[in-house]
Amino acid sequence: MRNGNILISGAGIGGPALAHWLVRAGRTVTVVEKAPALRPGGQAVDFKGETHLTVLTRMGILDDVRRLQTGGTDQEIVDARGRRIAILPGAFTGGDLEIRRGDLSRILYERTSSHCEYVFGDSITSLTDTPGGVHVTFERSAPRTFDLVVGADGIHSAVRRLAFGPETEFVRFLGYYYALAEVEKGLGEVPWMYNEPGRLVAAGGPKAPAFFVFASAAELDYDRYDTGRQKDLLARAYAGMGWRTPEVIDAVRRSGDVYLDSISQVRIDRYSAGRVVLLGDAAYGNTLGGFGTGLAVVGAYVLAGELAEAGGDHRAAFAAYERQMRAYARIAKNGNAGPFLAPATPARIRMRNWIFTYGFLLGLMLKMSDKFATDIALKDYAALTGRVQR
C-alpha cells in the first residue's frame with residue numbers, strides 16, 4: 001500500500017482519532033507519546049452541532065461519549081462574599097455534548113490500541129524527509145523510517161518545530177495563562193467561579209478540577225513538566241486574591257498534578273512540509289477557544305479520508321486536507337478567551353456577567369458558536385465509512 005506506514009506524534013485526542021481512521025483504511029500506524037501514560041481527568045471538552053456529532057457517529061463512539069458525558073453543569077458566578085451574581089449556563093460551556101478530556105482520550109485509545117502500536121514515554125528528536133520516507137530518531141527508541149509523519153502533539157508541537165521551524169515563528173502569546181489542578185472535594189457542592197481584575201478562579205462541584213485564568217504582561221519562564229515550579233507560579237499569581245482563593249491554592253499545593261500553560265494561538269501558512277503534516281492544535285490551535293477538540297476530531301477524519309481517496313498520494317491528500325480545514329479552522333485564527341474569562345477591570349467583569357443575565361445576548365453567542373462548528377461540507381469517504389460518497 002502506498003504510504004501505508006504512518007507515525008503519529010501525540011496520544012491526546014487528534015492522534016488516536018486519526019489512528020482509528022487510518023487503521024480502518026488499512027494503514028500501519030505507530031503513535032508515540034512523550035507522557036509515560038494517558039493523562040486521566042483534565043478539563044471538560046465539548047462537541048457542538050451536527051458536524052461534530054456526525055463524525056463521532058461514523059467513528060462508532062457517540063454512545064461511549066454520551067455514557068461518560070459530564071452534563072454541562074451550571075456554574076455560579078460569585079462576588080467576594082460568595083453571593084451569587086450570575087449563572088454561567090452549562091449549555092454555554094458544554095456545547096451539545098461535554099466529556100472530560102481524559103475520558104475521551106481513553107475511549108479513543110481503547111478503540112485503537114489493539115490495532116496499532118503505542119509507544120509511551122518517548123519523543124521524536126529529529127526528522128529527515130527523503131524521497132522514500134521520513135527517517136525518524138527518538139529520545140529512547142531506535143531510529144526508524146516511516147512513509148509519513150503526523151504532528152498531533154499540541155500547540156507546543158515538537159514535530160512542527162523539527163519540520164517547520166522554531167515555535168516562536170508560529171505561536172503567538174495572547175497575554176494570559178490558564179491552569180488546571182485535580183484537587184480534593186470540599187470546595188463547594190455547586191461549581192463556582194470568582195473574578196478579580198485580570199484573574200479568575202473556579203472550583204467546586206463533584207467532577208471539575210480547579211481552574212484558573214490570569215493575565216501576564218510577559219511569557220513566564222518555566223519547565224512545563226516541572227509540577228512544583230508550576231504550583232509556585234500559580235500561588236504567586238493568585239497572592240492576595242479574595243473569597244476562597246487561598247483555600248483553593250492550598251488544595252493545589254496538596255494535589256498530585258497541575259497543568260499550567262499559556263493562552264496562545266497558532267498561526268502557520270501551511271499544514272504540511274514534504275511527508276510531514278500537522279493536525280489539531282499543532283496546526284490550528286487557539287487555547288481555550290472552545291473548538292480545539294472538535295477541530296482535531298474533524299481534522300483527523302478529513303486527513304485520513306483524503307489520504308484514502310488519493311490512493312496514498314500524500315501531496316494530493318495534504319493539499320485537499322488543507323483546503324478544507326483552512327476554511328473550517330478560521331475560527332481558531334481570531335479571538336482570545338483570556339479577556340472574557342478574566343476581564344481586566346471591575347466594569348468589564350460586570351459587562352461579562354450581563355451576558356449571562358440577559359438571555360438574548362447568550363443566545364446570540366450560542367448561535368454563532370453553532371454556526372462555526374458546522375461550517376464545513378463533510379464528505380463521505382467510502383474507504384472509511386463504507387458509505388457511498390455524495
Side-chain angles (χ1 to χ4, degrees), residues 1-12 14-34 112-154 156-167 169-170 268-284 296 299-326 381-384:
M1 179 177 291
R2 186 178 182 186
N3 287 331
N5 184 20
I6 300 175
L7 172 66
I8 300 170
S9 177
L18 178 62
H20 167 87
W21 293 117
L22 292 175
V23 168
R24 184 177 289 190
R27 265 62 183 179
T28 300
V29 179
T30 298
V31 181
V32 62
E33 166 59 46
K34 184 176 180 66
T112 55
S113 59
S114 62
H115 305 290
C116 63
E117 177 189 12
Y118 277 85
V119 181
F120 287 97
D122 206 351
S123 59
I124 298 171
T125 55
S126 73
L127 298 168
T128 304
D129 200 336
T130 73
V134 185
H135 182 72
V136 183
T137 62
F138 299 92
E139 186 177 352
R140 292 184 173 85
S141 303
R144 295 166 65 178
T145 297
F146 297 87
D147 295 322
L148 303 174
V149 173
V150 182
D153 46 353
H156 302 294
S157 171
V159 169
R160 188 187 59 228
R161 173 175 51 81
L162 293 168
F164 293 77
E167 180 172 309
E169 295 183 11
F170 307 111
I268 193 166
D269 59 8
R270 57 196 172 104
Y271 296 163
S272 63
R275 292 176 171 272
V276 179
V277 65
L278 303 176
L279 170 67
D281 283 352
Y284 26 81
Y301 173 73
V302 173
L303 177 55
E306 292 300 335
L307 278 167
E309 196 167 78
D313 180 346
H314 66 281
R315 294 180 182 86
F318 290 173
Y321 158 70
E322 179 153 351
R323 282 195 300 271
Q324 293 182 69
M325 291 305 297
R326 178 71 66 178
Y381 298 105
L384 303 185

Next item on the list: Report the relative orientation of the aromatic rings in Phe120 and Tyr118; use parallel for angles under 30°, tilted for 30 to 60°, perpendicular for over 60°.
Entry: parallel

Next item on the list: Show the numbers, then the answer: is there a side-chain contact (heavy atoms from CB on, under 4.5 Å) between Phe138 and Leu7?
Entry: CA-CA 12 Å; Phe138 299 92; Leu7 172 66; 4.0 Å; yes

From [X] [atom1] over to [Y] [atom2], what is the distance, rounded to the nearest 0.5 angstrom?
{"X": "Ile6", "Y": "Leu303", "atom1": "CD1", "atom2": "CG", "answer": "8.0 Å"}
{"X": "His115", "Y": "Leu22", "atom1": "NE2", "atom2": "CG", "answer": "13.5 Å"}
{"X": "Leu279", "Y": "Ser272", "atom1": "CG", "atom2": "OG", "answer": "12.5 Å"}
{"X": "Asn5", "Y": "Arg144", "atom1": "CG", "atom2": "CZ", "answer": "7.0 Å"}
{"X": "Leu18", "Y": "Arg27", "atom1": "CG", "atom2": "CZ", "answer": "10.5 Å"}
{"X": "Glu322", "Y": "Arg270", "atom1": "CD", "atom2": "CZ", "answer": "9.5 Å"}

Would you say the side chain of [Y] lies within less than 4.5 Å of the side chain of [X], judging by non-hydrogen atoms?
{"X": "Thr112", "Y": "Val29", "answer": "no"}
{"X": "Leu307", "Y": "Asn3", "answer": "no"}
{"X": "Val159", "Y": "Phe164", "answer": "no"}

Heavy atoms only: give me the nearest [X]-[Y] pair and the separation to one decimal.
{"X": "Ser141", "Y": "Val119", "value": "OG-CG1, 4.1 Å"}
{"X": "Gly132", "Y": "Asp147", "value": "O-OD1, 4.2 Å"}
{"X": "Leu278", "Y": "Ser157", "value": "CD2-OG, 4.4 Å"}
{"X": "Ala300", "Y": "Gly14", "value": "CB-O, 4.0 Å"}
{"X": "Ile8", "Y": "Ala19", "value": "CD1-N, 3.8 Å"}
{"X": "Pro16", "Y": "Gly10", "value": "CD-O, 3.9 Å"}

Next item on the list: Determine, step by step, whether Ser123 and Glu139 satisfy the side-chain hydrogen bond (donor to acceptor under 3.5 Å, both in side chains) criterion, reporting the C-alpha distance in whole Å, the side-chain angles of both residues, the deciding distance to 0.1 Å, and the verdict.
Entry: CA-CA 6 Å; Ser123 59; Glu139 186 177 352; 2.9 Å; yes

N/O donor-acceptor pair under 3.5 Å between [X] side chain and [Y] backbone:
{"X": "Arg326", "Y": "Asp269", "answer": "yes"}
{"X": "Asp129", "Y": "Arg275", "answer": "yes"}
{"X": "Arg24", "Y": "Leu384", "answer": "yes"}
{"X": "Glu306", "Y": "Tyr321", "answer": "no"}
{"X": "Arg140", "Y": "Gly121", "answer": "yes"}

Margin query: List the residues meeting ring pair (Phe, Tyr, Trp, His ring centres under 6.0 Å) with His156, not counting sequence neighbours, and say none if there are none.
Written below: none

Next item on the list: Output, in order, the C-alpha distance, side-chain angles, deciding distance and verdict of side-chain contact (heavy atoms from CB on, under 4.5 Å) for Tyr271 and Phe318.
Entry: CA-CA 8 Å; Tyr271 296 163; Phe318 290 173; over 6 Å; no

Check: Step by step, would you call Thr145 with His135 a side-chain contact (heavy atoms from CB on, under 4.5 Å)?
Finding: CA-CA 4 Å; Thr145 297; His135 182 72; 3.5 Å; yes

